[in-house]
Amino acid sequence: CTYGGRTQRKKDQQTDDEGQSLKHKSREAVIKAFEHNLLNMFGLKEKPKPSRRIQVPQYMLDLYNEQANSPVSSMNFNVRGKSTRTANTVRSFHHHDHDDEKNPSAANSNGHSHKLTFNVSTMAEDEVLTAAELRLFCKTQHSISKRDVTDTRDTENTTQHSIQKLKHRVNVYQILKPVSNSKDIIKRLIDTKIVDVRNATWESFDVRPAILDWRRSPRANHGIEVEVLDSRGRPSGHRNFRIARSVTEQGDLEDETRWFEERPLIVTYTDDGRQKRAAGRSTS
Amino acid sequence: SRERNNRKRRLKPNCRRHPLYVDFTSVGWNSWIVAPAGYQAYYCQGECPFPLVDHLNATNHAIVQTLVNSASPQLAPKACCVPTDLSPISMLYLDESDAVILKNYQDMVVEGCGCR
């Protein structure tokens with residue numbers, strides 16, 4: 001500026017612009033590095049860009065709220081009946097229901113059993129699976145309940161019979177080898193439970209053996225089969241169990257939101273090794 | 001002299017915890033972080049003056065370092081005010097494949113500060 005002149009001012013202006021641009025670039029680089037560091041801390045490679053409207057299963061929200069409201073010292077996923085003591089990560093997976101959408105009444109189903117496939121390949125390889133559950137929603141059917149409640153007022157035999165009618169056995173199989181003919185399918189039973197359909201509840205089935213297999217060999221993931229039998233072991237319709245998306249009287253698929261709330265869910269509990277161990281070395 | 005020292009101390013507050021709210025919405029991370037919307041992380045700041053008092057939660061090493069510093073500052077700096085107790089938070093988010101994940105992250109919130 002001391003020499004004066006337009007050229008120098010122009011040069012100065014140019015230098016200023018370049019400086020600003022460099023500053024801007026370096027600021028961007030800093031922000032990028034900052035974000036990269038944070039994502040790395042969260043165990044993510046890049047910022048997730050959800051492709052759909054964020055919908056979170058109620059069970060996951062309940063687990064989160066339980067965690068958020070619990071005292072700091074007892075922060076772990078203590079799920080009753082599950083060995084989740086060391087787990088610090090919970091993932092939820094919905095099954096692929098594209099087949100259901102094409103033909104909801106018949107897809108993968110033969111009336112009393114239903115095939116469900118889940119993509120669990122997104123689980124990090126270095127995480128240790130401590131537990132995995134398949135959660136199925138069992139809804140009550142008032143028409144059945146009312147009739148059976150009336151029945152229970154009759155003789156003792158009728159009561160016993162009615163109670164038996166309200167109990168269903170649910171078998172969960174891992175499909176080892178799918179065959180076009182559903183009778184020849186090779187499967188193994190991984191969990192079974194007797195469910196009383198008088199109560200609307202979420203039933204949990206242990207599917208850890210299947211998930212362990214699928215993680216070892218993703219090509220072996222042929223899904224699981226849910227079979228509903230009556231108390232005598234005969235095939236029974238699974239009207240009470242929300243396994244497949246239902247169809248309205250007009251032939252349309254049921255409401256997306258309702259189906260989302262009640263559809264099957266696999267929940268996995270893993271340990272990424274970052275959890276602080278309770279019995280660590282003590283400081284002097 | 002004591003009054004002057006007190007005034008100095010008042011100007012440079014002792015090591016303690018200060019609020020630091022991390023807002024995921026303001027950095028545009030609310031598109032994939034479902035909950036919480038943000039959290040109070042806190043930070044530690046302040047002086048670790050000689051002599052170190054009990055509530056400054058100093059280690060034996062910090063006491064020795066402070067003693068050396070008070071005798072000859074060129075030999076060792078003052079002890080640092082750092083987090084001494086941290087707690088985890090749970091986060092509910094969607095990953096790259098839209099899977100819903102609930103995870104506990106260790107050492108996210110400062111519970112206590114001290115001179116180390």
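In what follows, chains are A, B, ... by sequence order, proteins preceding strands, each numbered from 1.
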query = Yes or no on side chain to side chain contact (heavy atoms under 4.5 Å, CB included) for Asp272(A) and Lys103(B), after CA distance, side-chain angles and deciding distance?
reply = CA-CA 10 Å; Asp272(A) 66 1; Lys103(B) 197 160 182 152; 3.0 Å; yes

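- Contacts of Glu35(A) classified as side-chain hydrogen bond (donor to acceptor under 3.5 Å, both in side chains), with partners at least two apart in sequence or in another chain: Trp29(B).
- Going from atom CG of Leu102(B) over to atom OG1 of Thr89(A) covers 8.5 Å, rounded to the nearest 0.5 Å.
- Looking at Lys47(A) and Trp32(B), their side chains come closer than 4.5 Å, going by heavy atoms from C-beta outward.
- Contact between Met60(A) and Val100(B) at its shortest, heavy atoms only, is CE-O, 3.5 Å.
- Within the model, atoms CG of Leu44(A) and CD1 of Ile101(B) stand 7.0 Å from one another, a figure rounded to the nearest 0.5 Å.
- In this structure, the separation between NE2 on His94(A) and CG on Asp98(B) is 12.0 Å, given to the nearest 0.5 Å.
- Ranked by heavy-atom pairs shorter than 4.5 Å toward chain B, the options Leu38(A), Asn65(A), Ile31(A) are led by Leu38(A).
- Atom CG of Asn37(A) is surrounded by more than 12 heavy atoms from other residues, nucleotides or ligands within 6.0 Å.
- More than 12 heavy atoms of other residues, nucleotides or ligands shown are found within 6.0 angstrom of CD on Gln74(B).
- Note that OG of Ser90(B) is 10.5 Å distant from CD of Glu66(A), once rounded to the nearest 0.5 Å.
- Once rounded to the nearest 0.5 Å, the distance linking CD of Gln67(A) with CD1 of Ile89(B) reads 11.5 Å.
- Residue-environment remark: CZ (Phe34(A)) stays at or below the threshold of 12 foreign heavy atoms within 6.0 Å.
- The heavy-atom pair separating Ala99(B) from Ser92(A) by the smallest distance is CB-O, 4.2 Å.
- Tyr105(B) contributes a side-chain N or O that, together with a main-chain N or O of Phe42(A), makes up a donor-acceptor pair within less than 3.5 Å.
- Distance check, rounded to the nearest 0.5 Å: CG of Asp95(B) to CE of Met123(A) gives 11.5 Å.
- Other residues, nucleotides and ligands place more than 12 heavy atoms under 6.0 Å from the NE2 atom of His18(B).
- Sorted by first and then second residue, the disulfide (SG to SG under 2.5 Å) pairs with a member in residues 82-116 of chain B read Cys44(B)-Cys113(B), Cys48(B)-Cys115(B); sequence neighbours excluded.
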